[in-house]
Amino acid sequence: MAKMQTTDLETDLSLFKYDNLEQLPSEYRELEESERTERIEAALEILGDDVVVLGHNYQRREIVEHADFVGDSYQLSKRAAEADAEYVIFGGVTFMAESADIITDDDQTVILPSMEASCPMAGMAEALQVDSAWAEITAAAPDADIVPITYMNSYADLKAFCASQGGLVCTSSNAHRAFEWGLERGDKVLFLPDKHLGENTAYRLGMEAEIAEWDPWDPEGKDATEVAEKDVILWDGYCQVHERFREDHIEQIREDHPDANVVVHPECRREVVEAADVVGSTATICETVENAERGETWAIGTEIHLTEHLQRWHPEVTVLPLCGDACMDCNAMRQIDPNYLTWVLEELVAGRERNVIEVAPEEKELANVALDRMLEV
Ligand code: 13P
Ligand code: SF4
């Protein structure tokens, strides 16, 4: 079967999911850290219990220092759901703020300080593209039940799509259980958007012979008939920050620091995951270093801000970036500049809401179903 429809689509792979980008007013652009800290603290004091500030583990120091809670994307969603505050200020990226909006009450408002904080991997599976690929793949396997599973790192419309087709959402900590859930209810799973997490999960379940990759950008890639022969179909998305780590970085670390242990995020390539001592979400990475004995050495294979936080938070442990200076920060996470945080907080004090993330009601309802199913697994 010719693989035409998906690759011909004009998708909007723009970096920004939301088009209501508000520019930071010029008076906020050059604030000194001491003045900014004072102003953030003053605004938070006035706003009191009306706001809760959540910070992902990859946020800059100047953001996590002001956060009421710092954690991985799953923990932050749970914190958002538990929050009583009228405003949830989300230090993270768009898909995380969307998830917070999906699970908070209708009278709560989620604010993402900068709308430019869009995860490129989430943008690699556009709903239009997925719809088209789904039509092709399901037509190629008319007798098979395919269950779509999307990683938390995806937009609300994809979460809603998965729910509408009997699928669910998962995080890096429960992807294996989501696969099992899908394979109990169907014959095959389509996993989006992160092929590395998908591949790592299939290996964990002993299903490595059942993997097929669907590359929506490559007309010469496997077509629908070929991928439909397998039980684990992986969308060809990836995170640039985590793809950077290679097996030889681990070999080098072990050569330079023979006592070093290695912990990596499951968005890393399979060879890296296999060569590491511990693999897990950013929360698992934090716990691993927290639970390390004094004097232990841990090399960290994830976004560089988290490695730097761990160095600061645990001076009793030697914390090293797995690939030294080549370790990257996440450009999307970096967009949450503390000047933006100052601005959105001071605007709230003045009674104005800026950069509100609001998922459309029909998407919200369905995406909630996909998130609820995740809680079942
Ligand atoms: P966690 O869910 O582990 O926090 O990871 C989110 C993320 O964006 C990893 O790149
Ligand atoms: Fe997205 Fe990668 Fe940044 Fe995580 S680290 S938010 S997956 S680009």
Side-chain angles (χ1 to χ4, degrees), residues 13-17 54-60 63-64 67 69-80 90-100 112 114-126 150-155 158-159 169-178 191-198 200-201 235-245 263-269 272-273 276 278-289 300-310 321-323 326-336 371 374:
L13 286 179
S14 66
L15 271 180
F16 311 130
K17 160 82 175 169
L54 303 180
H56 187 266
N57 287 318
Y58 294 163
Q59 289 287 290
R60 305 164 184 222
I63 300 292
V64 298
F69 183 77
V70 181
D72 74 2
S73 52
Y74 181 61
Q75 292 173 321
L76 293 180
S77 307
K78 289 213 306 202
R79 286 292 169 139
F90 211 106
V93 289
T94 329
F95 74 80
M96 296 179 185
E98 280 190 340
S99 299
L112 185 69
S114 166
M115 291 291 197
E116 293 178 50
S118 276
C119 163
M121 182 166 74
M124 287 177 190
E126 294 258 334
T150 185
Y151 185 25
M152 189 70 112
N153 298 31
S154 59
Y155 288 116
L158 184 51
K159 293 185 172 91
V169 175
C170 72
T171 68
S172 57
S173 349
N174 58 23
H176 60 291
R177 291 203 299 276
F191 183 70
L192 317 99
D194 184 10
K195 65 176 172 189
H196 296 301
L197 176 60
N200 290 325
T201 307
W235 192 265
D236 191 6
Y238 57 89
C239 165
Q240 292 141 318
V241 175
H242 289 95
E243 259 211 343
R244 201 171 184 96
F245 296 105
V263 55
V264 302
H265 196 278
E267 287 173 18
C268 292
R269 298 167 194 270
V272 172
V273 161
V278 179
V279 183
S281 72
T282 58
T284 302
I285 295 174
C286 292
E287 280 158 27
T288 303
V289 176
I300 315 290
T302 196
E303 202 268 354
I304 192 66
H305 283 106
L306 177 54
T307 307
E308 290 169 1
H309 298 327
L310 291 168
L322 179 55
C323 59
C327 286
M328 280 172 73
D329 71 342
C330 167
N331 183 45
M333 289 279 177
R334 186 171 3 108
Q335 301 308 319
I336 307 295
L371 285 162
M374 173 178 81

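None of these values were measured; they are calculated from a predicted model. In each ligand, atom 1 is the first atom listed, and ligand 1 is the first ligand listed.
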Asker: Show which atoms of ligand 1 fall inside a sub-4.0 Å distance from at least one heavy-atom site of D72.
Answerer: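 Reading through ligand 1 atom by atom, the close ones are 1 (P), 4 (O).
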
Asker: State, to 0.1 Å, how close C268 and G301 come at their nearest heavy-atom pair, and which atoms those are.
Answerer: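 Heavy atoms only, the tightest pair is SG-O, 3.8 Å.
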
Asker: Measuring only between side-chain heavy atoms, which start at C-beta, is V264 closer than 4.5 Å to L322?
Answerer: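 When only atoms from C-beta onward are counted, L322 and V264 do touch, with a gap below 4.5 Å.
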
Asker: Below 3.5 angstrom, do we get any N/O pair linking N153 and ligand 1?
Answerer: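 N/O-N/O distance below 3.5 Å exists for this pair.
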
Asker: Under 3.5 Å between any N/O of T282 and any N/O of ligand 1: does that happen in this structure?
Answerer: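 N/O-N/O distance under 3.5 Å: yes.
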
Asker: So, does M152 sit close enough to ligand 1 that a heavy atom of it is under 4.0 Å from the ligand?
Answerer: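 The answer is no, since M152 has no heavy atom less than 4.0 Å from ligand 1.
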
Asker: Heavy-atom pairs closer than 4.0 Å: do any link ligand 1 to the side chain of Y74, the backbone, both, or neither?
Answerer: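 No part of Y74 comes within reach of ligand 1.
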
Asker: In Å and rounded to the nearest 0.5 Å, what is the SG to CE distance from C239 to M328?
Answerer: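 The SG atom of C239 sits 7.5 Å away from the CE atom of M328.
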
Asker: Which atoms of ligand 1 sit under 4.0 Å from any heavy atom of H242?
Answerer: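 Contacts of ligand 1 toward H242, numbered from 1: 10 (O).
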
Asker: Considering only heavy atoms, does E303 approach ligand 2 within less than 4.0 Å through its side chain, its backbone, both, or neither?
Answerer: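 Looking at E303 and ligand 2, no heavy atom falls under 4.0 Å.
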
Asker: Taking the side chain as C-beta and beyond, is there a heavy-atom pair between T150 and W235 under 4.5 Å?
Answerer: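 The answer is no, as the side chains (C-beta and beyond) never meet within the 4.5 Å cut-off.
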
Asker: Please state which protein non-hydrogen atom is closest to atom 1 (Fe) of ligand 2 and give its distance, to 0.1 Å?
Answerer: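 The closest one turns out to be C119 SG, 2.4 Å.
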
Asker: Heavy-atom count check: over 12 atoms from other residues, nucleotides or ligands less than 6.0 Å from Y238 OH?
Answerer: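 For Y238, atom OH is not crowded (no more than 12 foreign heavy atoms under 6.0 Å).
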
Asker: Do any of the N, O or S atoms of C330 sit under 2.8 Å from atom 2 (Fe) of ligand 2?
Answerer: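 Checking C330: none of its N, O or S atoms is under 2.8 Å.
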
Asker: If you apply the rule side chain to side chain contact (heavy atoms under 4.5 Å, CB included), what do you find for K159 with M152, and how did you get there?
Answerer: CA-CA 8 Å; K159 293 185 172 91; M152 189 70 112; 4.1 Å; yes

Asker: For ligand 2, is A332 a contact, meaning one of its heavy atoms is under 4.0 Å away?
Answerer: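 A332: no contact with ligand 2 (<4.0 Å).
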
Asker: For atom 2 (Fe) of ligand 2, what's the nearest protein heavy atom and its distance?
Answerer: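 Answer, as residue, atom name and distance: C239 SG, 2.3 Å.
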
Asker: Starting from atom 8 (S) of ligand 2, find the nearest protein heavy-atom neighbour and note its residue, name and distance.
Answerer: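 Protein heavy atom with the smallest distance to atom 8 (S) of ligand 2: P120 CD, 3.5 Å.
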
Asker: Please round to the nearest 0.5 Å and tell me the distance separating atom CG of L310 and atom NE2 of H305.
Answerer: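 Here the interatomic distance stands at 13.0 Å.
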
Asker: Measure M121 to ligand 1 on non-hydrogen atoms and call it side chain, backbone, both or neither using the 4.0 Å cut-off.
Answerer: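 Neither part.
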
Asker: Below 3.5 Å, N or O to N or O, backbone or side chain included: is there any such pair between S73 and ligand 1?
Answerer: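 Yes - when backbone and side-chain N and O of S73 are compared with those of ligand 1, one distance drops under 3.5 Å.
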
Asker: Using a 3.5 Å distance criterion without hydrogens, assess whether the side chain of Q59 forms a donor-acceptor pair with backbone atoms of H56.
Answerer: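 Not confirmed, Q59 side chain does not pair with H56 backbone.
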
Asker: Classify the contact between N153 and ligand 2 as side chain, backbone, both or neither, using a heavy-atom distance cut-off of under 4.0 Å.
Answerer: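 Within the 4.0 Å criterion, N153 contacts ligand 2 through side-chain atoms alone.
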
Asker: Please list, in number order, the atoms of ligand 1 under 4.0 Å from a heavy atom of S281.
Answerer: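 Per the distance check, 3 (O).
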
Asker: Which atoms from ligand 2 have a heavy atom of M121 less than 4.0 Å away?
Answerer: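 So the answer, numbered in order with elements, is 7 (S).
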
Asker: Please write down residue, atom name and distance for the protein heavy atom closest to atom 10 (O) of ligand 1.
Answerer: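 Looking only at protein heavy atoms, the one closest to atom 10 (O) of ligand 1 is E267 OE1, 2.9 Å.
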
Asker: List the closest protein heavy-atom neighbour of atom 6 (C) of ligand 1: residue, atom name, distance to the nearest 0.1 Å.
Answerer: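 The closest heavy atom on the protein side is H56 NE2, 3.7 Å.
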
Asker: Which heavy atom in N57 sits nearest to a heavy atom in V70, and how many Å separate them?
Answerer: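 N57 and V70 have their closest heavy atoms at OD1-CG1, 3.5 Å.
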
Asker: Determine the minimum heavy-atom distance between S154 and F95, stating which atoms define it.
Answerer: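 Scanning both residues, the minimum pair turns out to be O-CB, 3.2 Å.
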
Asker: Are H265 and T282 close enough, and set up right, to give a side chain to side chain contact (heavy atoms under 4.5 Å, CB included), and what steps lead you there?
Answerer: CA-CA 7 Å; H265 196 278; T282 58; 3.9 Å; yes

Asker: To check you understand the geometry: which heavy-atom pair defines the closest contact between A326 and R244, and what is its length?
Answerer: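 For A326 and R244, the tightest heavy-atom pair comes out as O-NE, 2.6 Å.
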
Asker: Is H265 in polar range of ligand 1, meaning some N or O pair under 3.5 Å apart?
Answerer: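 Yes - when backbone and side-chain N and O of H265 are compared with those of ligand 1, one distance drops under 3.5 Å.
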
